[in-house]
Every structure is written in C-alpha cells, then in structure tokens.
Amino acid sequence: MQRPLRWLWLALAVIVLDLATKYAASAWLSYAQPVEVLPFFNLTLLHNTGAAFSFLASHPGWQRWFFALVAIGASIGLTVWLSRLKADEKLLAVALALMIGGALGNLYDRLVHGYVVDFLSFHVAGWYYPAFNVADIGITLGAAGLIWESIFGERRRNK
C-alpha cells in the first residue's frame, strides 16, 4: 500500500471523538447517576480501573500500569502491521487504525486519571451491558474488521 500510515488520521479521529465525549460526559453527568436517553439506553458516568467488563478492577492498582503497557505495545505492533499492508488491504487498514485509536484513547485516561471513563450504558429487562465509551467502539469495530478480513479477505484476494 502506498503510504499506509495515512490511515492514522482515522486513529486520530477516534482519539479526538473519544476524548471529547469523555470530557462532555465527565462535565455534564453525575457519577453513577443514569440519565435515560431511550428506554434501553442511558448515559451513566462510570470510572473503570480494570479492562473490558471491569476485568481486574478490584485489584490495588498495578493493573493501571499493566493495561497501559498493553495499550502501548498493541499500538506499536498494530502501527508496524499497518505500515506493511498491501494496496488491496483497505479494510484491514481501517480496522487497525480503529484499534490504534481506541487503545490510545483509553491509554490517555489510564495515564491521566488512573481509570477509563465509561458512559454509554445499554440495558434490557433489568440486564445491563457493561458501560463503555467511543474508544471501546473503535476497538470493537476494528476487531470485527480483523475477523471479517481473516474470514473473507483471502477469498477476495484470490479472485
């Protein structure tokens, strides 16, 4: 791919949107007080010291630095991968850029606040999906793109 790192603009867009929405949520919402937007969706400001689904959140603080190192390592690895893509791997480039942006958005929170700001909360029939943020959306969409590419990308390139 000619100039594959040009896709880093997408990572930057994820970071900017993530930090802006987290700033707004922190400024306008009271901690752990849901604001109903739709019958199945609330804005609820929460602080997550763990990883996805609050994994390791109850530990004394070492996980902050562990997850920061994981985010740094993943971002470096994904950027190297991005730099080596071929011209026909655009979906893969988008997926990697989304994951880099999400990892760096949450990394900022960990380094500056010691926790990740989450505020998007979906629920149904008394069951609540763990709150998340825009960075998490970037990571999830990027992972879905990687899965899609791993399943269907080879077939497309063979045609």
Nearest heavy-atom neighbours spanning Trp7 and Ala97: O-CB, 3.4 Å
Minimum heavy-atom distance Val14-Gly101, with the two atoms named: CG1-C, 3.7 Å
Leu17 with Tyr23, same ILVMFWY side-chain cluster at under 4.5 Å: no
Common cluster, Leu29/Phe122, ILVMFWY with side-chain heavy-atom separation under 4.5 Å: yes
Backbone of Asp18 reached by a side-chain donor or acceptor of Thr21 within 3.5 Å: yes
Minimum-distance pair of heavy atoms, taken over all atoms of Leu46 and Tyr31: CA-CE1, 3.5 Å
Val116-Leu69 co-clustered via ILVMFWY side chain contacts under 4.5 Å: no
Do any side-chain atoms of residues 131-144 form donor-acceptor pairs under 3.5 angstrom with protein atoms, and if so which ones, sequence neighbours left out?
residue : atom : partner : partner atom : Å
Asn133  : OD1  : Ala135  : N            : 2.9
Asn133  : OD1  : Asp136  : N            : 2.8
Asn133  : ND2  : Asn106  : OD1          : 3.2
Asn133  : ND2  : Val117  : O            : 3.0
Asn133  : ND2  : Asp118  : OD1          : 2.8
Asp136  : OD1  : Asn106  : ND2          : 2.9
Asp136  : OD2  : Asn133  : N            : 3.2
Thr140  : OG1  : Asp136  : O            : 2.8

Smallest separation among heavy atoms of Ser121 and Tyr128, with atom names: OG-CD2, 3.9 Å
Euclidean distance, Glu89 CD relative to Leu82 CG, rounded to 0.5 Å: 10.0 Å
Same cluster (ILVMFWY, side-chain, under 4.5 Å), Leu12 and Leu107: no
Pairing residues for His123 by the side-chain hydrogen bond (donor to acceptor under 3.5 Å, both in side chains) criterion, not counting sequence neighbours: Asn42
Check: Tyr115 and Arg110 side chains under 4.5 Å, non-hydrogen atoms: no
Shared hydrophobic cluster, Val16 / Tyr108 (ILVMFWY, side-chain heavy atoms < 4.5 Å): no
